Amino acid sequence: MRVATWNINSVRLRLPLIERFVRENKPDILCLQETKVVNDAFPEGAFEQMGFAHRAISGMKSYNGVAILSKIPFAETGVLNWQGKEDCRHIFAKLAGGPEIHCVYIPAGGDVPDPAANPKFAHKLGFLDDLAAYWRGRDDKAAPKMMLGDFNIAPLENDVWSHKQLLDVVSHTPLEVEKLLALQTAHDWIDAPRRFVPESKKLYSWWSYRARDWTVGDRGRRLDHIWITPSLLPQLQATGILKAARGWDPKPSDHVPVWADFSRP
DNA sequence: ATGGTAGCGTAGCTA
């Protein structure tokens with residue numbers, strides 16, 4: 001079973017690229033963030049044709065939006081809200097006879113890394129606190145789950161192109177990294193791609209649009225993550241980050257797909 | 001220190 005996550009930055013605009021990814025990489029479960037479309041206008045037919053007969057979507061006008069597209073039936077789906085906002089950032093689906101899958105889009109947090117001066121950064125930190133409290137409060141720690149998506153934080157030194165130069169840049173500040181690690185601890189989450197790529201090696205999933213040439217200097221960040229519970233670790237076979245998708249034509253997302261393969265129990 | 005690009009939706013917000 002292959003599970004993938006991709007911040008697609010408009011599901012409607014990026015449909016041809018999604019079709020290419022699905023054709024070439026054959027995910028069984030595809031989690032999307034920043035779909036940027038209300039549910040009524042979500043291109044369900046295109047996903048049906050790609051073989052995703054089971055779909056959980058949560059979208060709003062212009063911003064955010066998450067979706068789980070699946071070839072495997074769901075036993076249950078739901079939407080979760082944090083910080084008192086219904087802003088379409090968290091959707092989950094429990095597979096029939098399989099793990100629970102949480103697709104999350106953590107707020108980006110604006111530009112100023114000070115929660116007193118920047119409400120968007122305060123929202124990001126509060127969202128992380130709420131999510132950690134949710135996972136700390138669940139009493140079924142042993143049940144297999146994964147949480148994946150655009151977390152908008154690159155926690156490790158080699159999750160960014162320059163640790164020193166990004167210490168004051170939202171996405172890599174010590175404050176939000178600390179909150180992300182607290183969230184990780186709250187449910188014993190395992191960082192799946194780092195099981196295969198040592199922390200000493202650079203690993204990115206995002207390259208800014210705001211560069212003339214995204215390949216110059218390889219100034220990336222690992223903002224997109226796949227976390228799994230220890231109960232799923234024995235089934236984890238491989239992970240990958242499809243860097244080539246950053247250069248796909250026409251009009252790529254600034255994020256690339258991250259995937260993980262699991263053996264079926 | 002600033003601005004750079006992208007998407008939605010058609011101005012300005014968010015990233």
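If you're wondering where the values come from, they're calculated on a predicted model, not measured in any experiment. Order of the sequence lines sets the chain letters (A, B, ...), proteins ahead of strands, with each chain counted from 1.
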May I have the distance from [X] (atom [atom1]) to [N] (atom [atom2]), rounded to whole angstrom?
X: A/Met60; N: B/dC13; atom1: CE; atom2: C1'; answer: 11 Å
X: A/Asn7; N: B/dA15; atom1: CG; atom2: C1'; answer: 9 Å
X: A/Leu17; N: B/dG7; atom1: CG; atom2: P; answer: 10 Å
X: A/Asp111; N: B/dT5; atom1: CG; atom2: C1'; answer: 14 Å
X: A/Arg14; N: B/dA15; atom1: CZ; atom2: C1'; answer: 12 Å
X: A/Tyr105; N: B/dT14; atom1: OH; atom2: P; answer: 11 Å
X: A/Ile8; N: B/dC8; atom1: CD1; atom2: C1'; answer: 16 Å
X: A/Trp207; N: B/dA15; atom1: CH2; atom2: C1'; answer: 17 Å

Would you verify whether the NZ or CZ of [X] falls within 45 degrees of the ring axis of [Y] while also being under 6.0 Å from that six-membered ring's centre?
X: A/Lys94; Y: A/Phe74; answer: no
X: A/Arg2; Y: A/Trp259; answer: yes
X: A/Arg221; Y: A/Trp161; answer: no

Which nucleotide in the list B/dG7, B/dC8, B/dA15 gets nearest to the side chain of A/Tyr63?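 Closest of the options to the side chain of A/Tyr63: B/dG7.
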What's the closest nucleotide to the A/Glu34 side chain, out of B/dG9, B/dG7, B/dA15? B/dA15
Fit a plane to each ring of A/Trp189 and A/His187, take the angle between them on a 0 to 90° scale, and name the class: parallel (under 30°), tilted (30 to 60°) or perpendicular (over 60°). tilted
I want to confirm an ordering. Mapping A/Arg210 and A/Lys251 to their closest nucleotides on DNA chain B, which one lands closer to the 5' end? A/Lys251
5'-most by nearest nucleotide on DNA chain B - A/Lys36 or A/Lys120: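 Going by which nucleotide is closer to the 5' end, it is A/Lys36.
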Answer with yes or no whether the hydrophobic clustering places A/Leu156 together with A/Val197; edges join I, L, V, M, F, W, Y residues whose side-chain heavy atoms lie under 4.5 Å apart. no
Check step by step if side-chain hydrogen bond (donor to acceptor under 3.5 Å, both in side chains) holds for A/Tyr105 and A/Asp87. CA-CA 10 Å; A/Tyr105 177 48; A/Asp87 54 357; over 6 Å; no
For DNA chain B, find the residues of residues 160-183 of chain A with a heavy-atom distance under 4.0 Å and give them by number; none if there aren't any.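 When residues 160-183 of chain A is checked for heavy atoms under 4.0 Å from DNA chain B, there are no hits whatsoever.
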[X] side-chain N/O to [N] phosphate OP1/OP2 under 4.0 Å:
X: A/Ser10; N: B/dC8; value: yes
X: A/Arg246; N: B/dT5; value: no
X: A/Arg89; N: B/dA15; value: yes

Salt-bridge criterion met for A/Asp159 and A/Lys202 (N-O under 4.0 Å): no
Distance between the [atom1] atoms of [N] and [M], in whole angstroms?
N: B/dA1; M: B/dT5; atom1: P; result: 22 Å
N: B/dA6; M: B/dT10; atom1: C1'; result: 15 Å
N: B/dG9; M: B/dT14; atom1: C1'; result: 13 Å
N: B/dA15; M: B/dG3; atom1: C1'; result: 15 Å

Enclosure of A/Arg195 CZ (heavy-atom neighbours >12, cutoff 6.0 Å): no
